[in-house]
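Here the structure is a predicted model, which means the values were calculated and not measured. Order of the sequence lines sets the chain letters (A, B, ...), proteins ahead of strands, with each chain counted from 1.
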2 protein chains.
Amino acid sequence: MLDKEAGKAAGAAQPAGQKRALRQPSIKDIARLARVSHPTVSRALQNSPLVNAQTAAKIRKIADEAGYRASAVARGLVTRRTRTIGLVVTTVADPFASEVVCGVEETANDHGYSVFLADSNADPVREKKVVQAFAERRVDGIIVTSSRVGALYLPLLAEMMVPIMLVNDQYPGAFVHSVMISNFEGMRAASEHLVGLGHRRIAYLGDKFGYASDTERVAGYRAALDAAGIPAMPELIVHGDGKPEAAMTAIEKLLTLADPPTAVCCYNDMSALGAMRQIRARGLRVPEDISVAGFDDLFFASYTQPPLTTVRQPMRRMGQLAMENLIKLMSGEESVEQIKVDAELIVRESTTMRS
Amino acid sequence: MLDKEAGKAAGAAQPAGQKRALRQPSIKDIARLARVSHPTVSRALQNSPLVNAQTAAKIRKIADEAGYRASAVARGLVTRRTRTIGLVVTTVADPFASEVVCGVEETANDHGYSVFLADSNADPVREKKVVQAFAERRVDGIIVTSSRVGALYLPLLAEMMVPIMLVNDQYPGAFVHSVMISNFEGMRAASEHLVGLGHRRIAYLGDKFGYASDTERVAGYRAALDAAGIPAMPELIVHGDGKPEAAMTAIEKLLTLADPPTAVCCYNDMSALGAMRQIRARGLRVPEDISVAGFDDLFFASYTQPPLTTVRQPMRRMGQLAMENLIKLMSGEESVEQIKVDAELIVRESTTMRS
DNA sequence: CTCTTGATTGCACACGTGTACGGACGAAGA
DNA sequence: TCTTCGTCCGTACACGTGTGCAATCAAGAG
């Protein structure tokens, strides 16, 4: 026993002698200091009832003084759970995504999970690398935001056999769960609002990628117009890409119409931002000449000039919900397949009565 | 040898029999399939010259068909390097931060690193948890953005003995490296621009937290005024918190002055957003009554009404630089202590000649 | 005083990978 | 034929933690 310990000490001393400072203390170091075995240290730090209270206290004290931090990687190896999730997003630079990320990260941390963040940039090559990285990291679960990527590599994700949670993307697979906003009702409310203001020629500025969310929002827009007895006017539906620049060129088609619309519903706030800019560029005023409504209620919506009427998505809350349910799924509980949160119309000053 | 193999198979079969699908294939599974030892598989997958080319090809084929993904956690345990970094930010919901995150994540992935993201929310308790989590995860390096947190827990970070990179935060410690924007020159350029437009009563709307960046920007502002022979006017310096709301109340103090300023330099674009809103709320016009300049050039700066004159920070590039240099540091190379990138004045329409 | 029981603790594994070391084998040279 | 050398592969560790099981010890019951 003695020579064994000596051997250990020597074995540890050889490499440690030169670079002791470069290695973090291990559970065995603490065990040696406390003159107990390493399993006892392990149990003490887990507050196991199997170890004497005094011994545990002493061990914890020593561990604390030594600045001991248990290695999550070693623990993950033996427990087969890393308490880690992968979060993939087209780009965090998008305000919608960053709010969702915020919500996810917040509740993940509260539950002892760490999150790996990865931008896909909607680039298939990068997406593959990202998924492969998550698989190698042995994440316990995955959350995906921002749509279309889903259809491309969800089969790959399925191989990893971990729960997957989608935010604002509806993918028809049995193994996926999702958090969604009520796109239909939200956009219908915005459209009804415009109808109520007397508008008849109401345009829709959509997203050319044809996300499920865009499809649902157009449907809500149509439903409101139908209910008001306004016939469908195909020339009033144009497409951007969800970003300001494309919205500027898209709305140009509406403005140059012989009989331009008096109001426009935008797929999202970013599109509305571009739309308003282009409207002004043509010497028209918002809302006097054209009313503009957005979708999302990003932080800048109340600071545009005029402040933007929009449909609020509780983005952070959606991130929280996604993470909360992912945690349930990861611990084996069953969870509702699709969580739907309500959209809320926020009326500001970018919409007004038809003049 | 035979019974040993049989023992292995039995040992693996017992738990695997029920839940084989729940376990990802290990290197030993591949070894068994390829009828070689697991070290050979390990070497083959690393393209080691120590293994026969044909054997290696065969092994790689088998591994590929089996959907084998080497466990980064097991590898991290033995190599003592996780190829993982921790990225702490006050909140990703802040557009500045999210751009930096984007740059970091992009180059991290390109170099085989994964990034743990954590929001501190400037909450000390959460910050502690975050740092502890990073320590337990055995990250190879850390990047911190958004200032003041640095001073609070950098000593903790130092304990982990990993390189630390700061973005836009100057902390006087030998062990930290940073990438910064030329705050002084940037704000001086903005101020000179206003002086050049004939303004004499130029205000500064700063950040009450007194970040190093704020201090440097005020100095740049003062320098420009001094150079123009404009005396310092303390009542023209007010403080927000870098966000729109606080900027609204801060600028109110300027607007109610007996002799209000004709131009205002804002600490950042978010402050400028609030400032412009409040200016309009009081019935004044930008830039006719008051010129407004921002700092950062966030994505919305060109979409405000009027488009915002501001000082551009190459945020994404700064994130890239931080990551690139962190990689150098992690591989033992020495790196420049402080990387400084240039700020660039972007003149738009929110500033004009003094009327 | 002996047996039983409960409270603590240590031993021996396992997790999945990387690597130093030695052994087997064939080819080439003496 | 024997030695030598290079190629290729397997054996035996190690990394740091968690956990089933056995061992030890003290105390109480009989």
Side-chain angles (χ1 to χ4, degrees), chain A residues 1 4-5 7-8 10-12 14-16 22-32 34-59 63 66 68-83 135-138, chain B residues 1 4-5 7-8 10-12 14-16 22-32 34-59 63 66 68-83 135-138:
Chain A
M1 181 152 180
K4 187 169 185 182
E5 200 167 330
K8 260 195 211 166
Q14 275 302 18
L22 291 184
R23 208 194 45 145
Q24 305 212 12
S26 83
I27 200 173
K28 292 185 184 174
D29 296 324
I30 306 302
R32 205 176 310 127
R35 303 189 178 285
V36 294
S37 68
H38 82 264
T40 301
V41 175
S42 173
R43 286 188 266 256
L45 298 181
Q46 291 177 67
N47 294 321
S48 162
L50 290 179
V51 36
N52 180 283
Q54 295 178 25
T55 320
K58 173 181 151 202
I59 291 175
Y68 172 71
R69 298 270 108 110
S71 163
V73 8
R75 178 183 298 142
L77 183 58
V78 50
T79 63
R80 297 169 148 298
R81 315 198 76 236
T82 56
R83 293 188 79 77
E136 294 186 354
R137 300 292 180 189
R138 298 293 193 263
Chain B
M1 182 153 178
K4 188 170 185 181
E5 199 167 330
K8 260 194 211 166
Q14 274 302 16
L22 291 183
R23 208 193 46 142
Q24 306 212 11
S26 82
I27 199 173
K28 292 185 184 174
D29 296 323
I30 306 303
R32 206 175 309 127
R35 303 191 178 284
V36 294
S37 67
H38 82 265
T40 302
V41 176
S42 173
R43 287 187 268 254
L45 298 180
Q46 292 177 66
N47 294 322
S48 162
L50 290 180
V51 36
N52 180 283
Q54 295 178 25
T55 319
K58 172 182 150 202
I59 291 175
Y68 171 71
R69 299 268 106 110
S71 163
V73 9
R75 178 183 297 141
L77 183 59
V78 49
T79 62
R80 299 170 148 297
R81 315 198 76 236
T82 55
R83 293 189 78 78
E136 295 187 354
R137 300 292 179 189
R138 298 292 192 263

Original post:
How about R32(A) and D29(A): do any of their side-chain heavy atoms sit closer than 4.5 Å?
Top reply: yes
Subject >> Within-4.5 Å side-chain heavy-atom neighbours: R137(B) and R83(A) >> reply: yes
With the side chain of [X] defined as its heavy atoms from C-beta on, choose the nearest nucleotide among [options].
| X | options | result |
| --- | --- | --- |
| R75(A) | dT17(D), dT17(C), dA20(C) | dT17(D) |
| P39(A) | dG16(D), dT9(C), dA12(C) | dA12(C) |
| Q46(A) | dT19(D), dT17(D), dG16(C) | dT19(D) |
| V78(B) | dC11(C), dC15(D), dC21(C) | dC15(D) |

Original post:
Taking the nucleotide of DNA chain C with the closest heavy atom to each, which residue, T40(B) or T40(A), is nearer the 5' end?
Top reply: T40(A)
Interatomic distance where [atom1] belongs to [X] and [atom2] belongs to [N] [whole Å]:
| X | N | atom1 | atom2 | result |
| --- | --- | --- | --- | --- |
| K28(B) | dG10(D) | NZ | C1' | 13 Å |
| I30(A) | dT17(D) | CD1 | P | 9 Å |
| R138(B) | dC15(D) | CZ | C1' | 11 Å |
| D29(A) | dT17(D) | CG | C1' | 13 Å |
| R35(A) | dT9(C) | CZ | P | 15 Å |
| R81(B) | dG16(D) | CZ | C1' | 18 Å |
| L77(A) | dA14(D) | CG | P | 16 Å |
| H38(B) | dA20(C) | NE2 | P | 14 Å |

State whether [X] places a side-chain N or O below 4.0 Å from either non-bridging phosphate oxygen (OP1 or OP2) of [N].
| X | N | answer |
| --- | --- | --- |
| T55(B) | dC8(D) | no |
| Q24(A) | dG16(D) | no |
| Q54(B) | dC8(D) | no |
| S42(A) | dG18(D) | yes |
| S71(B) | dT17(C) | no |
| S37(A) | dC11(C) | no |
| R80(B) | dC15(D) | no |

Original post:
Of A53(B) and I27(A), whose nearest nucleotide on DNA chain D comes first from the 5' end?
Top reply: A53(B)
Subject >> Residue mapping more 5' on DNA chain D - nearest nucleotide basis, V51(B) or Y68(A) >> reply: V51(B)
**OP:** Looking at every strand, decide which applies to V36(B) at a 4.0 Å heavy-atom threshold: base, sugar-phosphate, or nothing.
**Re:** sugar-phosphate
Nearest 0.5 angstrom please: [X] [atom1] to [Y] [atom2], how far?
| X | Y | atom1 | atom2 | result |
| --- | --- | --- | --- | --- |
| I59(B) | N52(B) | CD1 | CG | 9.5 Å |
| R69(B) | L45(B) | CZ | CG | 11.0 Å |
| S71(A) | R80(B) | OG | CZ | 9.5 Å |

**OP:** Return the set of residues passing side-chain contact (heavy atoms from CB on, under 4.5 Å) with T82(B) (not counting sequence neighbours), or none when no residue passes.
**Re:** V73(A), T84(B), R138(B), D140(B)
